[in-house]
Amino acid sequence: MLDRIFNPESFEKNFSFEIEASLRKPDAEPFMVLLPPPNVTGSLHMGHALCYTIQDIIARYKRLKGYDVLFQPGLDHAGIITQLLVEKNLYENGVEKGSLTREILLKEIWFFKENSGSTILDQMKVLGISCDFARLRFTMDDEGKKAITKMFVDLFNDGLIYRGRRMVSWDPLIGSAVSDLEISEKEVDGNLWYIKYMLADSSGEYITVATTRPETLFGDAAVAVHPDDERYRHLVGKEVLVPLTDRKIRIISDKYANPEKGSGAVKITPAHDFNDYEVGIRNRLPMIEIMNFNGELNENVPEIFQFTDRFAAREKVVDFLNKKELLEKVEKIRQKIPFGDRSDVPLEPMITHQWFVNAEKLAIPAIEAVETGKIKFIPKHWENLYFEWLKNVRPWCISRQIWWGHRIPAWYGPDGQIFVAETFEGAMEKAVGFYGKNKVELTQDEDVLDTWFSSGAWPFVVLGWPKQTDELKRFYSKMIVVTGFDIIFFWIARMIMMGIYCMKEVPFPDVYIHGLVRDDKGRKMSKSRGNVINPLTLCKKYGADAVRYTLASMASPGRDVRLNEQSVENGRNFLTKLWNVVRFAQMNGCVYNKEFNIAKVNNSVAKWIILCVRQLIIDVEKSMDNYRVDEVANHIYHCVWDSFCDWYMEFIKPVLQQSALRDDERQGYDLPLTILKKDIRDTTAWAIIQFLRVLYPICPFIVKKLCGEMGIINTAWPDASAIDLDFSEAVREVEVLKTLISSVRSMKQYLNIPLNEKINIRAESSDKYIENTILKHKETVQRMAGAVLGEISKQTVPIVIDEAVIHMEVGSKINIETELERLTKESDKLNKTREAALLRLANEDFCNKATDDVVEEHKKRVETLGEKIQKIDYIISSLKVV
RNA sequence: GGGCGCAUAGCUCAGCGGUAGAGCACUACGUUGACAUCGUAGUGGUCGUAGGUUCGAUCCCUGCUGCGCCCACCA
């Protein structure tokens, strides 16, 4: 016997899903779920929990439906984050900065990976995520390395990867280029300095230039004014002196200068600003680099400023300008500055040698794949974001100046000649051929590849590419990927581009984009705000199933999830309810009976619940096929709680719980008690088992536990088509009964009659079927509504239910006047609805243009409304007599 | 500046060309054999606003307002 209270801790840890996750079904249709590999440094947060739960539900559903499901787990090496983390640990443990070599650091990171890399995997298991952990892959494992290297070489040979000297966003703290996508703008307080640039002709005339970055003036190559700007037209072509140096630069005319901003004249620093870079190229200006890669000014600035950090230099420059009276004024402004996501320091535009992917070219088929519907986003509007980005995609800088990552397979000859090959030997061969010598000194490129470069190849690398494995053929392009919108650019777009390039085929037909998990006030969860909810804490407190169920029920596509503990508690309450359903079954001897045949059930209530279950299965399948896990959770909730617990169980209690029924109590049932009891027991067990089966994808732990209690092991998916039985009579009967009981209860409540106080009622209907139904179930009516069928003598109130008029004996409780008022109101309301429907039917356009179904429906409605109104009017008139 | 999303009950959200829905909260009553992590009943909404399309609009279209997000720019 189960405990009264459901304690997830007592059984969750007993279940592992590794066997079913690793089970292959070679003859079944393949289906793959591609888990977005978490960072090797990661630990499970609410966002993961949502993302993985949705995937796990899909994977488990597909497994039950008979697919050969491959749920592929992995870990991402996460270049910069991991390196920073391990470096920080080392420094905190006394390692001196600068003493780290590439070899030592890599060794330390591998050590870290081997020891802490499984944290998140263990946490996933707590949540019940059923990936095939035996197939765990790491983006930097040996096969991965080979594959990524090959992909790089292929792209290079096709001219889609090239090396170039370009301006990139540089992170001075990390000492690496960073992706355009890994930049966040922050609004900070800043100044706008108005600086006098004296004309070189010693006339004493000057032009005022406004800048937020005075320290970059050493890199100035020109001052630009707008061609149409009258104020400065006479100065164009003249030379000015760069303040604090003797260098002369020209005043040029370029439409980049905006007369509205600052002074209308802008200093052009081509080597340290993206816009100025363009202006510089357009006007053939020199690119004067004044900064080192660590953010200090270099030897191209006056000695006194050399090797000063950029921010210290700024103050120093302003100070000097002030002293030389070259500063006209200072304005306080709020400005937005790009910060590196990883290091949280302001980034610096720098001209550097980098490797680039020709993303424009790869984007063309990637755009087409979504446009033609080969790939669908769910919800669809995310496709807009995808298009917007890909159609304006810029060259993708894939080199990073760090050590942890896939090293770029390029070697340089003594003269800087590049040799790209999958191995050193391959490069050497090329070099030997190139130089015509036997031996050449080759040095490998120091840089590593952007983490997302390897992530883009994940869908086929995990399947064994470049080897043409059976799995690759079987599962590639048969997968679903579930992820947050924030990595559509980073990951989804790259997987599609790389997939089409390497495999000549899209990797997946469906991309499910889920929302963000926020706190109950709609704020992002963040450590600094202190509103982070830890999924593992919730799992411990409420059970993994409750967390999964809650997330599923809230995962409406395209919407963020506002989570609070209360909602998890509600989820847990539902599972407690289910738990007690099984407890009830146990107490009444309802266990799985494989001989049971639902078609042979001969009891209305049992037939009714069988059809409820059938409808549930149909609804769940439909929702599941649209990935609407929220709907699935709700369907199950309502069927179990509303239909099964609140009605069915109450109906059947006397059959199961009384050792014998008197003859007069037995009238409602068509069979001798022993058979009836067996039928009900079997039906009850059967229905519960179906509930458990459809709930399994969402709540695997408790379902396994309860299946065991119900006497079954396998959790096959139920087949709705096997329940295609004509039980419509029974359904009608039970619906009448339900309506009657509700109506009586409602009326008693309205009249302040306690529910358990017995009252007399008399059914009176033109429809004998209704009367008979009520008569047949009078015991149930009495028990559940406290209403005794019989002759009534005292003051009565007629109530109308859908099909019948019932008279209730209510003694003196009723106030005729208020009752009349209420009924008149109701009658008016119904009349209005009826008139509206009548008007429509009288409208020719409606009859012509509406579909036949709709017209029929309206006719029926008018009819039913008419009947109801008649009944109410009858009641009103009989009340008036009283 | 360009784009996207959202607006439905007190709160969180489903829904949808033809009766306005759920959970929570609230109110009243109840509860000793599945379950107080409970039961029964009830209160509560001109579906943001103004137009348009339609026989009919919460739903489709347009404008507006408010909120959120993305991209670009910012001397």
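Sequence lines set the chain letters: A, B, ... in the order given, protein chains first and strands last, and positions in each chain run from 1. Remember, it's a predicted structure, so these values are computed and weren't measured experimentally.
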Compare side-chain N and O positions of [X] against OP1 and OP2 of [N] and report whether any pair is under 4.0 Å apart.
{"X": "A:Trp641", "N": "B:G39", "answer": "yes"}
{"X": "A:Ser556", "N": "B:A14", "answer": "yes"}
{"X": "A:Arg559", "N": "B:C6", "answer": "no"}
{"X": "A:Arg572", "N": "B:U37", "answer": "no"}
{"X": "A:Arg518", "N": "B:C69", "answer": "no"}
{"X": "A:Lys653", "N": "B:A34", "answer": "yes"}
{"X": "A:Arg861", "N": "B:U19", "answer": "yes"}
{"X": "A:Ser553", "N": "B:G23", "answer": "no"}
{"X": "A:Arg628", "N": "B:G15", "answer": "yes"}

Quick one: label [X] by what it contacts on the DNA or RNA (base, sugar-phosphate, nothing), any heavy atom closer than 4.0 Å.
{"X": "A:Glu260", "answer": "nothing"}
{"X": "A:Arg523", "answer": "nothing"}
{"X": "A:Cys645", "answer": "base"}
{"X": "A:Lys267", "answer": "nothing"}
{"X": "A:Ala850", "answer": "base"}
{"X": "A:Ala257", "answer": "base"}
{"X": "A:Asn848", "answer": "nothing"}

Tell which nucleotide pairs with [N], taking only Watson-Crick or G-U wobble pairs whose two distances are both under 3.5 angstrom.
{"N": "B:C6", "result": "B:G66"}
{"N": "B:U54", "result": "none"}
{"N": "B:A22", "result": "B:U12"}
{"N": "B:U37", "result": "none"}
{"N": "B:G45", "result": "none"}

Counting only side-chain heavy atoms from C-beta out, which of [options] sits nearest to [X]?
{"X": "A:Arg4", "options": "B:C70, B:C35, B:U37", "result": "B:C35"}
{"X": "A:Ile5", "options": "B:C70, B:C55, B:U37", "result": "B:U37"}
{"X": "A:Arg840", "options": "B:A34, B:C71, B:G18", "result": "B:G18"}
{"X": "A:Ser742", "options": "B:C38, B:A34, B:A41", "result": "B:A41"}
{"X": "A:Asn570", "options": "B:C71, B:C55, B:C24", "result": "B:C24"}
{"X": "A:Arg562", "options": "B:G18, B:U12, B:A34", "result": "B:U12"}
{"X": "A:Met587", "options": "B:G42, B:C73, B:A34", "result": "B:A34"}

Taking atom [atom1] in both [N] and [M], what distance in whole Å separates the two?
{"N": "B:C16", "M": "B:G48", "atom1": "P", "value": "16 Å"}
{"N": "B:C55", "M": "B:A50", "atom1": "P", "value": "23 Å"}
{"N": "B:A25", "M": "B:C11", "atom1": "P", "value": "15 Å"}
{"N": "B:A72", "M": "B:C13", "atom1": "P", "value": "29 Å"}
{"N": "B:U8", "M": "B:U58", "atom1": "C1'", "value": "7 Å"}
{"N": "B:G15", "M": "B:A20", "atom1": "C1'", "value": "9 Å"}
{"N": "B:G52", "M": "B:C4", "atom1": "P", "value": "25 Å"}
{"N": "B:G18", "M": "B:C24", "atom1": "P", "value": "28 Å"}

Quick one: [X] [atom1] to [N] [atom2], roughly how many Å, whole number?
{"X": "A:Glu631", "N": "B:G23", "atom1": "CD", "atom2": "C1'", "result": "15 Å"}
{"X": "A:Leu751", "N": "B:G42", "atom1": "CG", "atom2": "P", "result": "13 Å"}
{"X": "A:Gln749", "N": "B:U27", "atom1": "CD", "atom2": "C1'", "result": "11 Å"}
{"X": "A:Leu740", "N": "B:A41", "atom1": "CG", "atom2": "P", "result": "13 Å"}
{"X": "A:Leu575", "N": "B:C35", "atom1": "CG", "atom2": "C1'", "result": "13 Å"}
{"X": "A:Leu181", "N": "B:C71", "atom1": "CG", "atom2": "C1'", "result": "11 Å"}
{"X": "A:Met554", "N": "B:C24", "atom1": "CE", "atom2": "C1'", "result": "10 Å"}
{"X": "A:Gln586", "N": "B:C35", "atom1": "CD", "atom2": "P", "result": "13 Å"}

_A:Thr683 and A:Tyr648 side chains, donor-acceptor separation under 3.5 Å_ = no

*A:Thr216, A:Asp276, A:Thr211, A:Asp273 screened by side-chain hydrogen bond (donor to acceptor under 3.5 Å, both in side chains) with A:Lys267, the one that passes*: A:Thr216

Does the base of [N] carry an N or O that pairs as donor and acceptor with the side chain of [X] under 3.5 Å?
{"X": "A:Glu569", "N": "B:C24", "value": "no"}
{"X": "A:Lys849", "N": "B:C55", "value": "no"}
{"X": "A:Glu857", "N": "B:G18", "value": "no"}

Can you tell whether the side chains of [X] and [Y] come within less than 4.0 Å, N to carboxylate O?
{"X": "A:Lys380", "Y": "A:Glu383", "result": "yes"}
{"X": "A:Arg628", "Y": "A:Asp630", "result": "yes"}
{"X": "A:Lys336", "Y": "A:Glu185", "result": "no"}

*In terms of ring plane angle, is the pair A:Phe574 and A:Trp641 parallel, tilted or perpendicular, where the classes change at 30° and 60°?*
parallel

*Taking for each residue the nucleotide of RNA chain B with the nearest heavy atom, is it A:Asn384 or A:Phe485 whose nucleotide lies nearer the 5' end?*
A:Asn384

*A:Asn258 or A:Asp630: which one's nearest nucleotide on RNA chain B is closer to the 5' end?*
A:Asp630

*Verdict with supporting geometry, A:Ile688 and A:Phe644, side-chain contact (heavy atoms from CB on, under 4.5 Å)*: CA-CA 9 Å; A:Ile688 294 171; A:Phe644 191 82; 3.7 Å; yes

_Distance, nearest 0.5 Å, that separates CG of A:Leu551 from CD1 of A:Ile54_ = 8.0 Å

_Check: A:Tyr197 ring centre within less than 6.0 Å of A:Tyr206 ring centre_ = no

*Aromatic ring proximity, centroids under 6.0 angstrom, A:Phe11 and A:Phe701*: no

